[in-house]
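Numbers restart at 1 for each chain; the letters A, B, ... are given by sequence-line order, proteins then strands.
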Amino acid sequence: MRLIIPLAVVALVLVYPFVVNSFWLVQIGGRTLGFGTIVLSLVFLTAYTGMLSLAQMTVAGIGGYATAYFTAPTGGVGVLLPWPLALVLALGLATLAGLLIGLVAVRTRGIYTLMITLAVAMAFYYLTLQNYDIFNGFTGFNNADPPVVLGLDLGAPLPFFYLSAILAALCYAGVRHVVRTPFGLALQALRDEPDRVRALGYNVPLLRVLAFGLAGFIAGIGGILNLWLNASISPGSVALNPVIDVLMAGVLGGIGHPAGAYVGAFVFTVVDNFAIDFIARERFNTLIGLIFLAIVLFSPDGLTGLVRRVSTRWARAGRRDKGATRKTKDIGK
Amino acid sequence: MQAVADKQAEALVVEGLTRRFGALVAVDDVNLRVATGEKRAVLGANGAGKTTLFNMIAGDLPPSEGRILLAGEDITALSPQKRVLKGVRRTYQKSLVFGGLSVRDNLYVAVRGATGPRLTIWKRAEAQPDRAETDALAERVGLTDRLDVMASDLSHGEQRQLELGMALAHPPKLLLLDEPAAGLSSRERESLVEMLANLPRDLTLILIEHDLDIALKAVDYVSVMHNGRLLAEGTPAEISANQEIQDIYMGRHGK
C-alpha cells in the first residue's frame with residue numbers, strides 16, 4: 001500500500017519523456033526537477049527544523065555562479081577547470097554559503113529570520129549586479145552547458161531530464177534518510193522544543209547551522225541544474241522575484257512534506273509557462289497570487305496536505321465501513 | 001569544614017549561590033549539600049526561587065555569585081550540554097516533549113543526547129545499536145505499549161511520564177525534576193510516587209514540588225525556600241511538624 005505512490009512517481013518519470021514534446025520535457029519537466037530541488041532545500045529547513053529562509057535561491061545562485069565561473073568563462077571572467085573539480089567547488093561553496101547564512105540566521109526567530117535572510121539575498125543580488133571581476137555584472141555568464149560524459153551529451157533534452165530526475169531523486173531520498181538519523185531526529189526535536197533539546201545535551205545552535213549547511217548543499221545541486229537548464233546565469237536569477245518564487249512554490253506544494261517541494265515547483269512552473277496563453281503577461285503575478293491566497297486560506301499545508309487529508313478521510317471512511325460489517329456479524333452471533 | 005572524602009560522597013554541593021535580576025534577588029546565598037543517592041525535595045511558595053535554583057544547577061542560567069560542585073568537581077562555568085554529559089538531567093515545569101515525534105523517537109533523542117555521537121547522518125535511527133535502550137526506558141515509566149504513538153497524542157499524564165523517561169536516559173547522576181506532579185490526577189500522582197520510589201539507588205534526585213504530600217512521600221530530606229533564601233531543612237517528619245512552614249503552606253492549601 002505504502003509503495004504505490006513512490007512506484008507510480010518512478011513509473012511516471014520513466015515514461016514521461018516518451019509521451020511529451022521537448023518543451024514539456026525540458027521547460028516543464030526539467031525545470032520542475034531543478035527548481036523543485038531548490039524548493040526542497042527550503043522545505044527541509046521548514047518541515048524538519050522549523051526555520052524559514054528566503055536565501056535558498058541565493059545559495060542556489062552561488063552554486064550556479066561558481067559552476068559557470070569554472071566551466072564557462074565569459075568576457076574574460078572565470079577560470080576554466082575540469083568539470084568534476086568545478087562541481088565539487090560549486091557544491092562546496094554553496095554548502096559554505098548555507099553554513100554562513102545559518103550562522104547569522106540562527107540568532108533570530110520567525111519573521112526576523114525571514115528579514116535577515118531576505119537582506120542576505122538582496123545584498124547578494126546587488127553584489128552580482130555591480131561586481132564585474134567575479135560575477136561579470138549585468139551580463140553574468142553565458143553558454144554554461146552541462147558536460148559531455150563518455151560521449152553522452154548531458155545537455156541534450158532526454159539525458160538532461162534523466163540527470164535532473166536522478167539528482168532530484170537522490171536529494172529527496174537523502175532528505176527522507178537524514179530526517180530518520182539521530183541528527184535528523186534531533187532537528188525535529190528542536191523544531192518542537194528547543195529548550196528541551198539543550199537540556200538533553202545537544203548543541204542547539206550547531207544543529208541549526210548544520211541544517212542550513214545541508215540545505216545549502218541541496219540548494220547548490222538545484223542551482224547547478226537551473227544553470228544548465230538556462231545555459232546562463234545573471235543577476236536576474238537571484239533577484240527578488242526568483243527568491244520569493246521559492247517560498248511561493250514551497251507553500252503551494254506544502255511546506256510540511258518534502259514531496260510538496262516538487263508538487264509546488266510543478267504547479268508553479270506550469271502556471272508560469274501557460275498563464276500567458278489566457279491572461280496578459282503582466283497579470284501573471286495576480287494569478288499566482290490568487291492561487292497562493294486560495295491555498296493559504298483553504299489548505300495551509302499546501303497541495304500535499306490537501307491530498308493527505310483527503311486520503312486520511314477516505315481511509316477513515318473505509319475503516320468505518322469495515323467496523324460496521326463486523327458489528328453486523330457480531331449481532332448474528 | 002568537611003573532609004575531602006566526605007565531599008566525594010556528596011553528589012551536589014551548592015555554595016553561596018545567588019542570582020539577581022536587577023534589584024530583585026531571586027536566589028539569595030543558598031547552600032545545599034545533597035548526598036549521593038539522596039532523594040531531596042525543595043519546597044516553597046511561588047516566587048521562592050526554586051526554579052531559578054534549578055536553572056543555575058542545570059546551567060540554563062549563570063549564577064551572580066557562588067559555586068556548584070558535582071561530585072566534588074566545580075561545574076559552575078560549564079555549559080548545559082557539558083553538564084548533561086557529566087550526568088545532570090532536568091525536566092521543566094511545563095511538559096516539553098517533541099510532539100511531532102513518536103514516543104520511541106522522543107526517548108531515542110534523549111539516549112543520543114546523553115551518549116553521542118549526536119550528529120550521525122549515515123545510519124538511520126532504527127539501525128543504531130543504542131536504539132534498544134528506548135525499550136528499557138519506556139518500561140521504567142510505563143509507556144511500553146505507547147512507543148509508536150505520536151507524543152502530541154499522549155495525555156498530559158503520559159507526557160509527564162515520557163519526560164521522566166527522557167530524563168532517565170543513560171542513567172543520570174543527578175536528576176532535577178521541576179514539579180513532576182503538576183497537572184496530574186490523584187491516580188497519576190500515586191503512580192508517579194511509585195515511579196520515583198523505584199529509581200536506582202545511586203541516583204541523586206532533587207524535586208521541586210508545590211504539593212507537600214507528594215514531596216513528603218517521595219523524599220528522604222526536605223529543603224524549604226522562602227523569598228530566595230533557605231528557610232529550613234529537615235526530614236519530612238520534621239518539616240511536617242514545623243509550624244512556621246505549615247503556616248506558609250496553609251494559605252496555599254487551605255485544607
Check your understanding: Of the backbone (N, CA, C, O) and the side chain (C-beta and beyond), which part of B/R83 lies under 4.5 Å from a heavy atom of chain A, both, or neither?
Key ->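 For B/R83, there is no contact with chain A at all, as no heavy atom is under 4.5 Å.
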
ask   = Of the backbone (N, CA, C, O) and the side chain (C-beta and beyond), which part of B/A110 lies under 4.5 Å from a heavy atom of chain A, both, or neither?
value =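 Both parts, backbone and side chain.
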
What part of [X] gets within 4.5 angstrom of chain B, counting heavy atoms only: side chain, backbone, both, or neither?
{"X": "A/L214", "value": "neither"}
{"X": "A/L207", "value": "side chain"}
{"X": "A/V197", "value": "both"}

Next on the checklist: Please identify, among B/V97, B/L85, B/T91, the residue contributing the most non-hydrogen atom pairs under 4.5 Å to chain A.
Outcome noted: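 Winner by heavy-atom pair count: B/V97.
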
Review point. Do we see a donor-acceptor contact under 3.5 Å between the side chains of B/R67 and B/T76?
Key: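 B/T76 and B/R67 do not have a side-chain donor-acceptor pair below 3.5 Å.
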
_Regarding B/Q128 and B/T120, do their side chains bring together a donor and an acceptor under 3.5 Å, going by distance alone?_
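Per modelled atom types, B/Q128 and B/T120 side chains form no pair under 3.5 Å.
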
inquiry  = If you apply the rule salt bridge (Lys or Arg N to Asp or Glu O under 4.0 Å), what do you find for B/E65 with B/R19, and how did you get there?
reply    = CA-CA 7 Å; B/E65 273 164 44; B/R19 174 69 204 196; over 6 Å; no

Among the listed options A/L190, A/L206, A/L210, A/N203, the residue most often paired with chain B at heavy-atom distances under 4.5 Å: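 Heavy-atom pair counts peak at A/N203.
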
| said: Please determine whether side chain to side chain contact (heavy atoms under 4.5 Å, CB included) holds for the pair B/F98 and A/L200, giving the CA-CA distance in whole Å, both sets of side-chain angles, and the decisive distance to 0.1 Å. | reply: CA-CA 12 Å; B/F98 311 127; A/L200 289 174; 3.9 Å; yes

Using 0.5 Å steps for rounding, measure from the CZ atom of B/R104 to the OG1 atom of B/T144.
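Rounded to the nearest 0.5 Å, the CZ-OG1 separation comes to 9.5 Å.
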
Fit a plane to each ring of A/Y172 and A/Y262, take the angle between them on a 0 to 90° scale, and name the class: parallel (under 30°), tilted (30 to 60°) or perpendicular (over 60°).
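Rings of A/Y172 and A/Y262: perpendicular, as their planes differ by over 60°.
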
